Trainee: 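Please see the structure below; I have some questions.
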Amino acid sequence: MAACAARRSLSAVNRLLRGGLAHSVGAEFRPARCALLRPVCGCRYQQDRTLSSRNRPEGKVLETVGVFEVPKQQGKYETGQLFLHSVFGYRGIVLFPWQARLYDRDVSSPVSEKSETSTVHGSKEVKGKTHTYYQVLIDARDCPHISQRSQTEAVTFLANHDDSRALYAIPGLDYVSHEDILPYNSTDQVPIQHELFERFLSYDQAKVPPFTARETLRAWQEKNHPWLELSDVHRETTENIRVTVIPFYMGMREAQNSHVYWWRYCIRLENLGVEVVQLRERHWRIFSLSGTLETVRGRGVVGREPVLSKEQPAFQYSSHVSLQASSGHMWGTFRFERPDGSHFDVRIPPFSLESNKDEKTPPSGLHW
């Protein structure tokens, strides 16, 4: 397990170097005590760290950010845990965990297993298993380096005024799966740069990790729980392209004497193979409980046609959908292009759009 964690850590850090992000590791990797480094302004390297010249960022000096820890195979990470994202490479800190139901269509579950099931429009029955995700803050210094691969303003809310389509976002807030956490520790009392860091967390040298939740974080979590909660995750792989979908209910608004229900959905595309592919088209089917079935086709996603390669294998984005009914379903395909010009379709796992039965008024801003 330690060797596997080491490979994942090195892979993530090497992707950062190729992408220009401000971390690296020394030539000798020890899973539990590997120094996590980042370039700083200057033209010389520290004498006590070595790095291959072909990976060395031009004109950068490495300084220590922290020390890697062994990833947890059992149990959860605590509030205040520092980490490196194993896929997107940014530095972050855990705020609190979510217990989600993961419906993985690539895994066949035993019939006898006690777990919830998901079936949508004739698709096969899938067993849902409990899986841990984390609400995290992203280091603002890393946001510019990951913006082409992952949105850093993906967590959005409905604005509380007459414009039923108005949204606002909390920059640098993300959801991270347990296996994407590469934990590390730091002696820096403010190791993450984010406008909410010191408002949400305080430093306590006697604690492990030494960053503990302030009352403002606990109050914010409680008041905004219905709009932050991550409950269901859907995953499916087609021809080495894995699609993960996480829907979030955002609330209801009244528009032209009718109710409009809103959802946000986060999608991650991952290339698990070695062939470079590019996303070209999307094709959605959206079914509403009111009986309507809508088809949406278009080029790319969120104005982009991302390339997925071995060096940059993943792309993540968020979008929104509204219905004039309290529930519905979505499913569809992404069309990818191979280097030889041929195309293939990747299935988007079907997922439900459900509204909260005990709905309250969505937030109009940050509640403390």
Side-chain angles (χ1 to χ4, degrees), residues 1-16 23 25-26 28-37 64-104 106-107 115 128-139 142 150 173-188 191-192 194 197 200-213 217-218 221 228-233 235 242 244 246 268 270 272 313-314 316:
M1 290 297 184
C4 179
R7 287 193 296 270
R8 290 174 60 226
S9 301
L10 281 174
S11 177
V13 173
N14 285 336
R15 284 200 295 271
L16 299 180
H23 315 312
V25 293
E28 294 184 4
F29 183 85
R30 294 170 305 207
R33 297 294 300 170
C34 176
L36 178 61
L37 313 173
T64 301
V65 170
V67 177
F68 274 124
E69 301 171 354
V70 176
K72 287 187 177 181
Q73 304 301 322
Q74 304 291 333
K76 298 191 294 288
Y77 294 106
E78 302 294 329
T79 294
Q81 175 65 61
L82 295 167
F83 71 91
L84 184 71
H85 196 294
S86 69
V87 176
F88 297 112
Y90 62 74
R91 288 164 289 181
I93 192 166
V94 171
L95 295 180
F96 46 82
W98 293 109
Q99 292 301 306
R101 294 184 300 273
L102 173 61
Y103 298 101
D104 193 339
D106 302 330
V107 177
S115 54
K129 293 185 177 181
T130 300
H131 195 75
T132 303
Y133 275 73
Y134 300 93
Q135 196 88 66
V136 308
L137 295 180
I138 303 173
D139 195 309
D142 295 342
S150 179
L173 193 65
D174 200 4
Y175 295 84
V176 179
S177 178
H178 183 86
E179 66 268 20
D180 287 338
I181 297 283
L182 295 176
Y184 73 92
N185 60 64
S186 171
T187 57
D188 190 344
I192 300 296
H194 191 286
F197 180 85
F200 280 169
L201 300 160
S202 61
Y203 182 78
D204 185 345
Q205 189 175 7
K207 298 290 182 65
V208 179
F211 306 100
T212 59
L217 173 58
R218 288 187 284 265
Q221 179 186 5
L228 290 170
E229 183 180 14
L230 185 160
S231 57
D232 294 343
V233 180
R235 181 182 294 166
R242 183 165 66 190
T244 303
I246 308 177
R268 185 199 288 189
E270 293 177 87
L272 306 180
Q316 182 171 292

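Predicted model only: the values in this text are computed from it and were never measured. Heavy atoms only: backbone and side chains are in, while hydrogens, waters and symmetry mates are out. By convention here, the first residue in the shown sequence is residue 1.
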Trainee: Tell me, do I138 and L173 make a side-chain contact under 4.5 Å, heavy atoms counted?
Mentor: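 Not touching, per the 4.5 Å side-chain cut-off.
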Trainee: Please check if the side chain of S86 supplies one atom and the backbone of L182 the other of a donor-acceptor pair under 3.5 Å.
Mentor: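 No, because the side chain of S86 does not come within donor-acceptor range (under 3.5 Å) of the backbone of L182.
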Trainee: Is any side-chain heavy atom of I192 closer than 4.5 Å to a side-chain heavy atom of R91?
Mentor: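 In short, these two side chains touch, coming nearer than 4.5 Å.
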Trainee: Testing the basics here: between P191 and S186, what is the closest heavy-atom pair and its distance to 0.1 Å?
Mentor: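 Smallest interatomic distance, heavy atoms only, reads CB-OG, 4.1 Å.
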Trainee: Do you know the tightest heavy-atom contact between A100 and Y133?
Mentor: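 Between these two residues, the closest heavy atoms are CB-CD1, 4.3 Å.
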Trainee: side-chain contact (heavy atoms from CB on, under 4.5 Å) for I93 and F200? Distances and angles first, verdict last.
Mentor: CA-CA 11 Å; I93 192 166; F200 280 169; over 6 Å; no
Trainee: Please lay out, stage by stage, how Y90 and F83 fare under the test side-chain contact (heavy atoms from CB on, under 4.5 Å).
Mentor: CA-CA 8 Å; Y90 62 74; F83 71 91; 3.9 Å; yes
Trainee: Has Q99 got a side-chain atom pairing as donor or acceptor with L230's backbone, closer than 3.5 angstrom?
Mentor: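 Not confirmed, Q99 side chain does not pair with L230 backbone.
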Trainee: Between CD of Q74 and NZ of K72, what distance do you get to the nearest 0.5 Å?
Mentor: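 So the CD of Q74 and the NZ of K72 are separated by 11.0 Å.
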Trainee: Quick check: do V87 and R268 have side-chain heavy atoms less than 4.5 Å from each other?
Mentor: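 Sidechains of R268 and V87: in contact.
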Trainee: Considering all heavy atoms of both residues, which atom of F68 and which atom of L84 are nearest to each other, and what is their separation?
Mentor: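 Taking every non-hydrogen atom into account, CZ-CD2, 3.7 Å.
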Trainee: What class does the angle between the rings of H85 and F88 fall in, given that below 30° is parallel, 30 to 60° is tilted and above 60° is perpendicular?
Mentor: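 It falls in the tilted class, 30° to 60°.
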Trainee: So do S177 and H131 actually touch side chain to side chain, heavy atoms under 4.5 Å?
Mentor: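 They are in side-chain contact.
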Trainee: Over 60° means perpendicular and under 30° means parallel, so classify the ring planes of Y134 and H178, tilted if in between.
Mentor: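 Plane angle between 30° and 60°, so tilted.
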Trainee: Check whether any side-chain heavy atom of L102 lies under 4.5 Å from a side-chain heavy atom of R235, and answer yes or no.
Mentor: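 The answer is yes; the side chains approach within 4.5 Å.
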Trainee: Checking side-chain hydrogen bond (donor to acceptor under 3.5 Å, both in side chains) for the pair W98/Q135: CA distance, chi angles, key distance, verdict?
Mentor: CA-CA 7 Å; W98 293 109; Q135 196 88 66; 3.0 Å; yes
Trainee: Is Y175 close to L228 at the side-chain level, that is, under 4.5 Å between some pair of heavy atoms?
Mentor: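 SC-SC contact between L228 and Y175 confirmed.
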Trainee: Quick check: does any side chain N or O of Y77 sit under 3.5 Å from a backbone N or O of V94, one acting as donor and the other as acceptor?
Mentor: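 It does not hold such a pair.
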Trainee: Atom CG in L137, atom CZ in F197: separation rounded to 0.5 Å?
Mentor: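 So the gap between those two atoms works out to 8.5 Å.
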Trainee: Between R218 and A213 (side chain of the first, backbone of the second, donor and acceptor by atom type, cut-off under 3.5 Å), is there such a pair?
Mentor: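 Yes; judged by distance alone, with no hydrogens or angles, the pair exists.
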Trainee: Using atom types as modelled and distance alone, determine if a side-chain donor or acceptor of T79 lies under 3.5 Å from a backbone N or O of L95.
Mentor: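 Present.
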Trainee: How about F211 and Y203: are their ring centres within less than 6.0 Å of each other?
Mentor: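 Close enough - the centres of the two rings lie under 6.0 Å apart.
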Trainee: Test side-chain contact (heavy atoms from CB on, under 4.5 Å) on E69 and Q81 and set out the steps.
Mentor: CA-CA 11 Å; E69 301 171 354; Q81 175 65 61; 3.6 Å; yes
